[in-house]
Amino acid sequence: MNPTPPLEAQDRPARLTVGVVGAGRVGPALAAALKLAGHRPVAVSGVSDASVRRAAELLPDVPLVTPAEVLARADLVLLTVPDDALADLVTGLAETGAVRPGQLLVHTSGRYGTAVLDPATRAGALPLALHPAMTFTGTSVDVQRLAGCSFGVTAPEELRMAAEALVIEMGGEPEWIAESARPLYHAALAIGANHLVTLVAQSMELLADAGVRAPDRMLGPLLGAALDNALRSGDAALTGPVARGDAGTVAAHVAELRRHSPQSVAGYLAMARTTADRALAHGLLKPELAEDLLGVLADAGNGPGTAARPAPGPAAPDTPGSPESFESPDNPDGRDHDPDGPDHGPDHGPDTPDHGPEGGDR
């Protein structure tokens with residue numbers, strides 16, 4: 001990673017008052033990081049008891065107010081709500097006159113660029129999309145983890161320098177993402193981070209079923225080495241029975257999973273097929289071995305324990321919701337706000353008839 005050049009004085013944002021709409025795991029951490037850089041958090045909104053506790057821990061003495069009041073008090077507003085609640089929140093804030101001309105409006109969704117902020121932009125706001133590629137815990141450790149964290153940055157060209165400067169002040173590394181590339185960028189992070197958590201948790205459960213007393217201790221060195229090798233070498237780091245073409249071993253795996261954990265079979269087969277395709281394309285899996293291996297995977301996919309696709313049915317009707325319906329569960333973001341946080345894993349927030357400015361927490 002290339003070191004970020006130091007900011008010149010004219011590139012640094014002025015000291016700003018900071019507000020947070022949605023005190024999930026992401027917003028308070030970013031506001032706390034901005035405070036360390038000399039900015040001043042002045043208001044935060046949150047819905048759940050957990051949000052109130054987070055705000056009190058990371059932003060002590062900062063008053064808890066309504067979203068509209070947050071915008072009234074702050075020069076820089078962090079909109080850290082679930083992805084599916086963001087558009088309605090922005091529309092509501094703009095339609096109720098809460099947005100002030102010249103106000104910096106920052107969202108932390110990985111999925112969206114700045115177009116989702118268009119209603120506020122038309123009201124005079126300055127739109128920024130700053131997505132930290134990090135999973136958040138909702139504690140002070142998140143502020144430390146921002147050091148060296150990459151942020152996906154999207155902003156109008158005239159605000160690019162200000163957006164990148166804010167990221168640097170939070171300790172992060174700005175990475176420019178085009179508006180059109182945001183969904184692909186976010187999908188890539190979800191594959192790498194969110195799916196990794198599922199795989200690791202599943203692996204620990206299976207090891208426990210096999211009698212391993214400390215699955216986490218067994219997996220730690222192995223997964224750390226695998227991650228390091230993958231980041232360094234990509235597909236060249238592939239090892240194991242699929243990459244070697246050990247069809248008999250893979251067949252034994254599937255048989256054991258059917259016996260002990262049938263819910264794991266579909267995921268194992270999907271990953272094994274993808275791994276085989278990549279290993280074959282990169283010359284790691286010999287074609288003559290790939291034929292037997294892919295035959296085993298095809299046969300296993302037709303056996304008992306594989307998940308059937310549900311028949312398509314009618315979509316559930318939209319139902320109006322209260323402001324509390326936008327509340328996000330306490331999941332690591334990433335953006336999670338999914339990051340969330342990333343995760344960031346957003347919940348869908350139903351449309352409110354009046355597009356009210358209330359928002360839940362990311």
Side-chain angles (χ1 to χ4, degrees), residues 1-44 54-55 57-62 70-71 73-80 100 102-110 113-114 117 125-177 333-337 339-344 362:
M1 182 182 296
N2 294 327
T4 303
L7 292 176
E8 299 296 334
Q10 66 270 18
D11 298 336
R12 295 187 177 94
R15 301 306 91 184
L16 302 169
T17 53
V18 178
V20 179
V21 176
R25 298 190 178 200
V26 179
L30 298 188
L34 289 169
K35 181 179 180 180
L36 291 176
H39 301 288
R40 185 165 62 91
V42 293
V44 59
R54 265 191 298 270
E57 177 185 350
L58 291 172
L59 301 172
D61 302 321
V62 175
V70 172
L71 269 73
R73 299 186 184 193
D75 303 315
L76 165 64
V77 179
L78 302 172
L79 302 179
T80 50
R100 292 187 285 110
Q103 188 169 46
L104 283 165
L105 214 56
V106 178
H107 78 71
T108 59
S109 167
T114 57
L117 299 175
L126 306 178
L128 305 176
L130 307 179
H131 175 252
M134 177 57 64
T135 183
F136 287 78
T137 65
T139 66
S140 58
V141 71
D142 296 331
V143 181
Q144 302 167 22
R145 285 180 174 175
L146 289 174
C149 166
S150 291
F151 279 65
V153 176
T154 305
E157 187 61 36
E158 62 271 19
L159 295 176
R160 178 168 178 165
M161 188 172 292
E164 293 179 344
L166 286 170
V167 169
I168 293 168
E169 287 196 329
M170 287 186 281
E173 295 280 350
E175 185 72 39
W176 191 255
I177 308 294
D333 190 36
R335 287 233 291 194
D336 263 208
H337 139 253
D340 215 120
D343 173 347
H344 312 102
R362 185 172 181 80

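In what follows, every heavy atom counts, from backbone to side chain, and hydrogens, waters and symmetry copies are set aside. A quick note: this is a predicted structure, and the numbers were derived from the prediction, not measured.
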Could you measure the distance from the [atom1] atom of [X] to the [atom2] atom of [Y]? Nearest 0.5 Å is fine.
| X | Y | atom1 | atom2 | answer |
| --- | --- | --- | --- | --- |
| Glu173 | Leu146 | CD | CG | 12.0 Å |
| Leu78 | Leu34 | CG | CG | 6.0 Å |
| Cys149 | His131 | SG | NE2 | 8.5 Å |
| Leu126 | Gln103 | CG | CD | 9.0 Å |

Got a sec, which residues hit salt bridge (charged side-chain N to carboxylate O under 4.0 Å, His left out) with Arg40, two or more places apart in sequence or on another chain?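 Arg40 satisfies salt bridge (charged side-chain N to carboxylate O under 4.0 Å, His left out) with no residue once adjacent residues are dropped.
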Who pairs with Val62 by side-chain contact (heavy atoms from CB on, under 4.5 Å), at least two apart in sequence or on another chain?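 In terms of side-chain contact (heavy atoms from CB on, under 4.5 Å), with neighbours along the sequence ignored, Val62 is linked to Pro41, Val44, Leu59.
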Partner set under side-chain contact (heavy atoms from CB on, under 4.5 Å) for Ala37, not counting sequence neighbours: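 In terms of side-chain contact (heavy atoms from CB on, under 4.5 Å), with neighbours along the sequence ignored, Ala37 is linked to His39, Glu169.
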Taking C-beta and beyond as the side chain, do Met170 and Phe151 meet within less than 4.5 Å on heavy atoms?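 A side-chain contact exists here, since the closest heavy-atom pair is under 4.5 Å.
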Name each donor-acceptor pair under 3.5 Å that joins a side chain in residues 154-161 to protein atoms two or more places apart or in another chain, with its distance.
unit_1 : atom_1 : unit_2 : atom_2 : d
Thr154 : OG1    : Ile177 : O      : 2.6
Thr154 : OG1    : Arg182 : NH1    : 2.8
Arg160 : NE     : Glu164 : OE2    : 3.2

Apply side-chain hydrogen bond (donor to acceptor under 3.5 Å, both in side chains) to Ser140 and list each qualifying residue two or more places apart in sequence or on a separate chain.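 With sequence neighbours excluded, Ser140 shows a side-chain hydrogen bond (donor to acceptor under 3.5 Å, both in side chains) to no residue whatsoever.
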Non-neighbouring partners of Arg73 that pass side-chain hydrogen bond (donor to acceptor under 3.5 Å, both in side chains), sequence neighbours left out: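 Arg73 satisfies side-chain hydrogen bond (donor to acceptor under 3.5 Å, both in side chains) with Glu69 once adjacent residues are dropped.
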Intermediate values then yes/no, side-chain contact (heavy atoms from CB on, under 4.5 Å), Val26 and Asp142: CA-CA 8 Å; Val26 179; Asp142 296 331; over 6 Å; no
